2 protein chains.
Amino acid sequence: MGRVSDAKERLMGAVRELIWEGSYGSTTIDQICEKAGVKKGSFYYFFDSKADLAVAAIDEEWGRRRTELDSLFSPTIPPIERLRGYCDYCYRVQAEIRSKCGCVLGCPLFSLGSEISTQEDRLQKRIQEILDQKRKYLESAIRDAHAAGVIHAPDPAAKARTLFAYYQGLLTEARIHDKLEILGDAVRGTYELLGVKGTEPVPA
Amino acid sequence: MGRVSDAKERLMGAVRELIWEGSYGSTTIDQICEKAGVKKGSFYYFFDSKADLAVAAIDEEWGRRRTELDSLFSPTIPPIERLRGYCDYCYRVQAEIRSKCGCVLGCPLFSLGSEISTQEDRLQKRIQEILDQKRKYLESAIRDAHAAGVIHAPDPAAKARTLFAYYQGLLTEARIHDKLEILGDAVRGTYELLGVKGTEPVPA
DNA sequence: AAAATAGTTGACTATTTGGTCCACTTTGAT
DNA sequence: ATCAAAGTGGACCAAATAGTCAACTATTTT
């Protein structure tokens, strides 16, 4: 089968880091190659373009994230607990990245999706799909919470869209302001938004 | 006083459009000059760099937006009405841009801020400041609403952060998915998030 | 061991890009 | 009318960038 190599994986890792820490537009193929320790010839042996690499890199990463989310959103966990656990998870991820890179970086998919929304069609499509899948986790937790009578959410899909927008907004604000504390509001915001019973304002 | 020119303004307009329609990283100085109908020599006569131009362009635009927001958030308007009016305004702006450019483009500041968060310090600072100012409109409407007894929000700053994150999340989703309808949820989301009385779920 | 497969390398090209320079032109003020 | 300030044009440069290619090397299969 000829010689084997992990250059492909190194390239995917490199582009992920560079885009997340900087931006898609500001990362060059030369930079990616240097970070991955791979020559340009090899880059073009594996990929056709930066966009092509980005798609592969995102897919690979999503595979990993998905299993983490599967366990965070396990139906064995009470639905509101799942959301709380997800908030904690996001906080932990950002805290980790900050201690490693010195910056809060937010959600790589959301930032990238926003950046290239009018360019790179293939990449954009993939990002949309993955974000849609992520929203499903929230939707199902919300539906279960409604079924359990913990919240009132007759339209779980709509609620999930709202909650998802809020989460992504928070993460992006955390990136823009480089402030981890911003994410500290996530759980409270979730409860407010869903009107979780027991934490509601005292009715007037 | 020598000759006068609007080349400076044309450059600011051009960079705003290019960044909004594409991204900061993908717009080049040559492109900006071409769109503005200005030669590079003149560009560098007025500005030191792309980042320098971007700061000026943002400031200029913010001056205009601010007066619009001032009237949308006039204290003479009932607070919840202000928020509803703002949602409508956002929708109109996006609908307009879509019919002009063919795409929903979201909030230029938020997208830009997310893109360059780890680069271009001066620009980033300015974006943070303006976003902070925008949040103040929400904060004051929320405070007034609380005072009027229309909502329960003992910490208006916190509520404003939550609502702002939600709005920005929605706008960015609208950009990412190029879907205007996403913004149709804004008013409902606002009411849910603030627990506006009269639209609350029936208590169990 | 040979052959086929898989991956590497670095030198190379063409283009784009940011940035400079300065002679030139237009305009308002005197 | 003239002079200085304000702005323009475009040639020019160096560096960065995307992308190509053919010769080379390492590994597995037969």
Side-chain angles (χ1 to χ4, degrees), chain A residues 1-60 112 115-116 118-124, chain B residues 1-60 112 115-116 118-124:
Chain A
M1 223 180 261
R3 117 171 157 190
V4 290
S5 135
D6 62 340
K8 205 168 172 173
E9 283 68 34
R10 293 203 311 271
L11 284 167
M12 293 193 274
V15 81
R16 273 192 302 259
E17 282 191 39
L18 286 167
I19 291 177
W20 202 15
E21 288 171 27
S23 67
Y24 182 82
S26 69
T27 65
T28 69
I29 292 176
D30 282 329
Q31 263 179 283
I32 297 166
C33 289
E34 203 194 332
K35 179 148 202 159
V38 163
K39 303 291 172 184
K40 252 219 300 268
S42 293
F43 175 97
Y44 283 104
Y45 176 75
F46 291 113
F47 302 100
D48 288 340
S49 64
K50 186 168 72 168
D52 189 36
L53 166 61
V55 171
I58 281 174
D59 278 343
E60 198 204 35
L112 179 55
E115 180 184 349
I116 58 146
T118 60
Q119 308 147 232
E120 309 292 5
D121 223 64
R122 211 171 94 75
L123 181 50
Q124 185 65 11
Chain B
M1 224 181 259
R3 110 172 153 195
V4 288
S5 135
D6 61 341
K8 205 169 171 174
E9 282 69 34
R10 292 202 315 270
L11 284 167
M12 293 193 276
V15 82
R16 272 193 302 258
E17 281 190 40
L18 287 166
I19 291 177
W20 202 15
E21 286 172 29
S23 69
Y24 182 84
S26 69
T27 66
T28 69
I29 292 177
D30 283 329
Q31 263 179 284
I32 298 166
C33 289
E34 203 194 332
K35 180 150 201 158
V38 162
K39 302 291 172 189
K40 256 223 292 270
S42 295
F43 176 98
Y44 283 104
Y45 176 74
F46 291 113
F47 302 101
D48 289 341
S49 65
K50 185 168 73 169
D52 189 35
L53 167 61
V55 171
I58 282 173
D59 278 343
E60 198 203 35
L112 179 55
E115 180 185 349
I116 59 146
T118 59
Q119 309 147 234
E120 308 291 5
D121 224 63
R122 210 169 95 73
L123 182 50
Q124 185 65 10

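Chain naming here is simple, since letters A, B, ... match the order of the sequence lines and numbering starts at 1 in each. On a predicted model such as this, the values are computed, not experimentally measured, just so you know.
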- [ ] Starting at atom CG of A:Leu11, determine the distance to atom P of C:dG7, rounded to an integer number of angstrom.
- [x] 12 Å

Open item on the list: Please pick, from D:dG10, D:dT20, C:dG18, the nucleotide with the shortest atom-to-atom distance to any side-chain atom of B:Lys39.
Closed with: D:dG10

Open item on the list: So if I take every side-chain heavy atom of B:Ser5 and compare against C:dG19, D:dG10, D:dG7, which nucleotide ends up nearest?
Closed with: D:dG7

- [ ] For A:Phe46, answer base if it contacts any base atom (sugar-phosphate contacts may also be present), sugar-phosphate if it contacts only those atoms, and nothing otherwise; contact means non-hydrogen atoms under 4.0 Å.
- [x] sugar-phosphate

TODO: Using whole Å, report how far OH of B:Tyr44 lies from P of C:dT20.
DONE: 7 Å

- [ ] Starting from C1' on C:dT16, measure out to CG on A:Asp30 and report it in whole angstrom.
- [x] 13 Å

Open item on the list: Is it the case that over 12 heavy atoms from other parts of the model lie below 6.0 angstrom from the NZ atom of B:Lys50?
Closed with: yes

TODO: Would you classify B:Ser42 as touching base, sugar-phosphate or nothing, given that sugar-phosphate means primed atoms plus P, OP1 and OP2, and contacts are heavy atoms under 4.0 Å?
DONE: base

TODO: Nearest whole angstrom, please: distance from the C1' of C:dT27 to the CG of B:Asp6.
DONE: 15 Å

TODO: Rounded to the nearest 0.5 Å, what's the gap from CG on A:Leu53 to SG on A:Cys33? Could you check?
DONE: 9.0 Å

Task: A:Glu115 side chain vs A:Gly25 backbone, donor-acceptor pair below 3.5 Å - done: yes

Open item on the list: Would you say that more than 12 heavy atoms from the other residues, nucleotides or ligands in this model lie under 6.0 Å from the NZ of A:Lys39, or not?
Closed with: no

Open item on the list: Output the rounded distance in Å from CZ (A:Phe43) to P (D:dC21).
Closed with: 16 Å

Open item on the list: Surrounding CD of B:Glu9 (heavy atoms of other residues, nucleotides or ligands, distance under 6.0 Å), is the total greater than 12?
Closed with: yes

TODO: Name the nucleic acid region contacted by A:Lys50, choosing base, sugar-phosphate or nothing; use a 4.0 angstrom heavy-atom cut-off, strictly under.
DONE: nothing

Task: A:Glu34 CD - D:dT17 C1' separation (whole Å) - done: 14 Å

Task: Position toward the 5' end of DNA chain D (nearest nucleotide), A:Gly41 or A:Ile29 - done: A:Ile29

Open item on the list: Let me spell it out: for each of A:Arg10 and B:Gln31, pick the nucleotide of DNA chain C with the closest heavy atom. Which residue's pick is nearer the 5' end?
Closed with: A:Arg10

Task: Spacing between B:Phe47 atom CZ and D:dT8 atom C1', to the nearest angstrom - done: 15 Å

Open item on the list: Expressed as a whole number of angstroms, how long is the span from B:Lys8:NZ to D:dT8:P?
Closed with: 12 Å

Open item on the list: Taking atom types as they are modelled, would you say the side chain of A:Lys40 forms a donor-acceptor pair with the base of C:dG10 within the 3.5 Å cutoff?
Closed with: no

